[in-house]
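So that the names make sense, note that chain A is the first sequence line, chain B the second, and so on, each numbered from 1. Source: prediction; values computed, not measured.
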2 protein chains.
Amino acid sequence: MPDIKHFDPDEVLERVERLFWQRGAAATGIAEVVAATGLSRSSLYATYGGKQDLYVKALRRYVEQRSQPMFEALSGDGRGLPAIAAFFDRLIEARCAGEHARWGCMATNANAEGTDPDVRRLLDRHHDRLRAGMRAALAAAEAQGQLRPGADLDASAELLALLAYGVNTRSRAGADPDALRKGASAALDSLRRENP
Amino acid sequence: MPDIKHFDPDEVLERVERLFWQRGAAATGIAEVVAATGLSRSSLYATYGGKQDLYVKALRRYVEQRSQPMFEALSGDGRGLPAIAAFFDRLIEARCAGEHARWGCMATNANAEGTDPDVRRLLDRHHDRLRAGMRAALAAAEAQGQLRPGADLDASAELLALLAYGVNTRSRAGADPDALRKGASAALDSLRRENP
DNA sequence: GCCATCTTGGACCAGACGTTCCAAGATGGG
DNA sequence: CCCATCTTGGAACGTCTGGTCCAAGATGGC
């Protein structure tokens with residue numbers, strides 16, 4: 001057998017993902033990728049293809065490794081509205097403080113960037129999973145009598161998903177986390193049954 | 001008096017605005033601006049400065065000439081919840097069909113692009129105006145007894161503003177307008193008084 | 001330890017980028 | 001009609017871009 005790669009492709013892809021996430025695809029040059037990963041251009045192109053392939057692979061990693069676990073946790077959390085509240089609390093915390101503060105959500109950012117069909121497909125899947133997570137949490141809430149009667153679960157799930165995009169968008173520009181929390185609370189309060 | 005400009009600076013700026021709006025700042029080259037406007041590089045640089053200045057001026061024009069009139073119409077529309085419903089209807093229609101379909105909102109897109117302080121200031125003002133418009137419409141709704149009792153007007157205004165960002169974000173990726181409408185309706189329904 | 005096979009470093013490329021520059025042209029007060 | 005003053009077209013600039021290429025190095029089956 002011939003020579004093998006001298007690096008872990010997924011570990012490198014994670015560094016690339018973080019770079020594109022923070023700075024955006026168009027604003028990030030191959031030279032920066034080379035610097036951040038320590039790889040040479042040859043290894044980069046041989047492993048991932050050109051810049052656009054690299055971006056799509058990084059975005060796919062983001063969606064699968066970062067977003068989806070959150071969405072599945074939301075789906076599987078049977079508490080109902082408290083599960084949704086916890087989702088937004090953790091989201092806003094992650095978006096406004098710590099290592100990834102003001103990076104926004106890579107998928108939300110990607111909506112504004114290009115029109116690449118591969119990217120669009122990833123974003124549609126991302127949205128479907130997010131909405132499905134919200135839908136599942138809302139169903140649990142309804143089953144426990146937490147919801148205002150007559151609430152449309154599908155429409156409310158869409159609303160909550162769109163709200164998450166709004167949080168992601170504004171957090172990247174440095175929005176006040178308390179304002180974002182108030183917005184999320186308003187959504188939950190308006191779904192909640194009045195006299196429980 | 002010496003020679004005067006052979007073009008209307010604001011008319012040209014509008015073409016530039018549309019270019020940056022549709023394609024994004026980073027993805028648009030000066031060569032495209034030259035082609036779209038018919039101006040020469042000299043006139044462009046003499047009138048607006050470099051690319052970043054040009055982008056900021058275009059974004060300012062967008063916020064002032066396109067967004068703010070909508071926000072003021074919302075503020076001044078005394079109907080309450082129907083005013084908010086009309087706002088979202090028109091928003092979704094404009095984002096998904098017609099000349100600007102799938103362009104998103106230039107200000108929402110700008111959140112994802114750079115971290116330029118001038119841009120951020122514009123976006124903060126944009127957000128304040130949007131939220132203020134929602135707040136005014138909600139106050140009118142409350143005055144007319146349309147609102148669920150106990151609703152927090154400030155928090156609900158923030159929620160509706162964030163929802164608008166979500167609509168803008170997803171519409172750029174080609175979201176189904178009916179899904180967006182359902183999301184907006186869910187927000188309004190959950191604010192509405194149950195037995196009017 | 002040899003060698004076919006793959007990886008790696010880094011030089012290199014053509015083209016696109018934003019920006020500058022200046023000669024030529026247009027303008028209108030005098 | 002002249003001339004000071006500004007605008008305009010387009011050539012030119014250095015830099016940076018994404019991408020290619022190949023000699024040198026590493027690997028492991030034999």
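Here B:D89 pairs with nothing under the salt bridge (Lys or Arg N to Asp or Glu O under 4.0 Å) rule; sequence neighbours left out. Every residue meeting the side-chain hydrogen bond (donor to acceptor under 3.5 Å, both in side chains) condition with B:S40, not counting sequence neighbours, appears here in chain and number order: B:S43. Listed by chain and residue number, B:R23 satisfy the side-chain hydrogen bond (donor to acceptor under 3.5 Å, both in side chains) test with B:E32 (two or more places apart in sequence, or in another chain).
Contacts between residues 39-52 of chain A and DNA chain C, defined by a heavy-atom separation below 4.0 Å, involve A:S40, A:R41, A:S42, A:S43, listed by number.
Computed from coordinates, the A:I30 CD1 to C:dA14 C1' distance equals 17 Å when rounded to whole Å. In this structure, A:H6 atom NE2 and D:dT27 atom C1' are separated by 7 Å, rounded to whole Å. The NZ atom of B:K5 sits 12 Å away from the P atom of D:dG9 (whole-angstrom rounding).
Listed by first then second residue, pairs satisfying salt bridge (Lys or Arg N to Asp or Glu O under 4.0 Å) with a partner in residues 97-116 of chain A read A:R18-A:E99, not counting sequence neighbours. Counting only residues at least two apart or on different chains, the ring pair (Phe, Tyr, Trp, His ring centres under 6.0 Å) pairs with a member in residues 127-155 of chain B are B:H127-B:Y165.
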